[in-house]
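Along the sequence shown, residues carry numbers from 1.
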Amino acid sequence: MTKISNTDKHPTRANKSQNEDVLSMESLKSLDEFESLATKQISKKAWSFNYAAAGDLISKRLDQEVYRSILLRPRILVNVKECDLSTTIVGQRVGLPIFVSPMAMARLAHPTGEAGISAACGVFGAMHIISNNASMTPEEIVAGAAPEQVFGFQLYVQTDRTESEAVLARINKLSAIKCIVLTVDEPVQGKHELGPRGFEPYDDAQTEVPTQPEEPSQPGTDIKVAIPSVSGPASDAEWEITLQWLAKHSSLPIIIKGIQTYEDAEIAATYAHVKGIILSNHGGRVLDTAPPAIHTLLEIRKYSPEVLEKLDVMVDGGIRRGTDVVKALCLGARAVGIGRPAFWGLGAGGIAGVERTLQRNENLHELVRCAESRRSGNTPC
């Protein structure tokens, strides 16, 4: 990734050291606290970009609530002394069963942008899926990454396919990018209806006394998508033609993101070059009342369990706690993605904020410490 100096990690606190940045993040105990702190610090434009969802926000809220309705069945007297969080995603070894889902326009949250998210992912060996609408180029994001760091690239197929073909030609040259994440759940843009009352959480936060830092971090207003779309996302994409076209222009394994029914999961599993799927309702940002990913995962378990054997099945949306991660994994997910929390973490504290966000999947905290111990060369716990 592009070089990031210590002072760039939070330009409004340039007089403080990197260690102080990390310590300030240590005081935050939950992802809700990250969202609260970021809300106090970022611009209204940045806040609304990350907070907004379609319609009445039903799907967005249900994404979180569904995890609370699932109860754990703890088993006891099982040896958990040695912990290994690593797994594989489409054949690539990663350090955590948690990846960062494609989040657009990260520089709205903090000047380090997507490179800052990537740097944090590198600490834990987590996969970072680069957004097609990132505020930095893919070349900038992966430059300087560790050789073993794993990236995916999100692709929105454009109406003018030559636009996407040009992007794929660039991605094919970047060895750090190991898969194409074909996003299929936004053939047309979602309708966001925040309205005046919808901004109340942001406005209320500005009246509170900020705890840290003393000044808000507000990147410039000239931030744009690094790879702009001219023709717009394709609304005419279909299974056979689209996947044949994609295979023609890239040999990378394909993950289809946006599967919301077991029937579509079954179809995805019939294509040899499709190696994984991400069950997702796009964070509730496109079609309100679309199901949360866990509901789709349960559908697959009931009606098409063979899909779990054929593909790496992942979920994203609504992950706020380590227990959420555990529930998804127990129900058959290979890994889980976080999107909005990474943006809030970046807005709250730059790279250190995203690192802490990954750590704060609370029930996995001790396991993360084990992973850190292995990376530092100590005996695994």
Side-chain angles (χ1 to χ4, degrees), residues 8-14 21 24-25 27-28 30-61 63-64 100-117 120 131-136 186 189-226 228-229 282-286 288 317-318 320 338-354 356-357:
D8 286 341
K9 289 183 179 180
H10 212 304
T12 59
R13 296 191 295 162
D21 284 343
S24 68
M25 291 300 101
S27 67
L28 301 179
S30 71
L31 299 194
D32 288 341
E33 291 182 7
F34 278 97
E35 179 174 346
S36 178
L37 179 57
T39 300
K40 297 174 185 178
Q41 297 180 190
I42 63 178
S43 69
K44 180 176 283 192
K45 176 183 177 182
W47 176 85
S48 62
F49 175 80
N50 199 43
Y51 181 88
D56 297 311
L57 312 188
I58 293 170
S59 288
K60 178 189 174 185
R61 294 189 180 111
D63 278 352
Q64 291 187 41
V100 173
S101 295
M103 280 299 303
M105 301 296 287
R107 291 187 64 233
L108 284 175
H110 193 275
T112 57
E114 288 82 8
I117 293 175
S131 171
N132 198 147
N133 295 325
S135 55
M136 302 176 72
E186 194 175 16
Q189 288 187 339
K191 184 180 179 183
H192 299 175
E193 305 174 358
L194 276 180
R197 291 192 62 186
F199 286 97
E200 287 179 356
Y202 180 85
D203 294 333
D204 290 345
Q206 308 319 304
T207 65
E208 300 174 10
V209 178
T211 54
Q212 54 176 342
E214 293 87 7
E215 302 174 37
S217 170
Q218 305 229 352
T221 58
D222 59 343
I223 295 167
K224 299 177 182 178
V225 173
S229 168
H282 214 100
R285 297 172 77 91
V286 178
D288 201 17
R320 288 285 185 155
I338 59 171
R340 285 188 179 95
F343 191 99
W344 297 134
L346 195 65
I351 297 172
V354 182
R356 186 65 171 166
T357 296

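Across all non-hydrogen atoms, the minimal contact from L346 to T112 is CD1-OG1, 3.6 Å. The two residues S135 and A106 have their closest heavy-atom pair at OG-N, 3.4 Å. When all heavy atoms are compared, the tightest approach of L31 to P341 is CD1-CB, 3.9 Å. Between N133 and V225, the shortest heavy-atom contact is CA-CG1, 3.7 Å. The minimum heavy-atom distance between V286 and A54, with the atom names listed, is O-CB, 3.5 Å. Of all heavy-atom pairs spanning G345 and T357, the tightest one is CA-OG1, 3.4 Å.
Between the R285 side chain and the N50 main chain, a donor and an acceptor come within less than 3.5 Å of each other. Side-chain atoms of R356 do not come within 3.5 Å of backbone N or O of G349 as any donor-acceptor pair. Counting only distance, with no hydrogens or angles, the side chain of R107 and the backbone of E114 share no donor-acceptor pair below 3.5 Å. Between the side chain of R61 and the backbone N or O of D56, at least one donor-acceptor pair lies under 3.5 Å.
With contacts defined as side-chain heavy-atom distances shorter than 4.5 Å, the pair R320/E35 qualifies. Side-chain atoms of Y51 and W344, non-hydrogen and from C-beta on, do get closer than 4.5 Å to each other.
From D32, atom CG reaches atom CD of Q64 across 6.5 Å, with rounding to the nearest 0.5 Å. In this structure, CG on L37 lies 8.0 Å from OG on S27, to the nearest 0.5 angstrom. Rounding to the nearest 0.5 Å gives a distance of 9.0 Å between CH2 of W47 and CD1 of I42.
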Notebook entry, point to check: Under the side chain to side chain contact (heavy atoms under 4.5 Å, CB included) criterion, do S131 and M103 qualify, and how do the steps go?
Noted result: CA-CA 6 Å; S131 171; M103 280 299 303; 5.7 Å; no
Next item on the list: Kindly determine whether F343 and M105 satisfy side chain to side chain contact (heavy atoms under 4.5 Å, CB included), including the steps that lead there.
Entry: CA-CA 9 Å; F343 191 99; M105 301 296 287; 5.5 Å; no
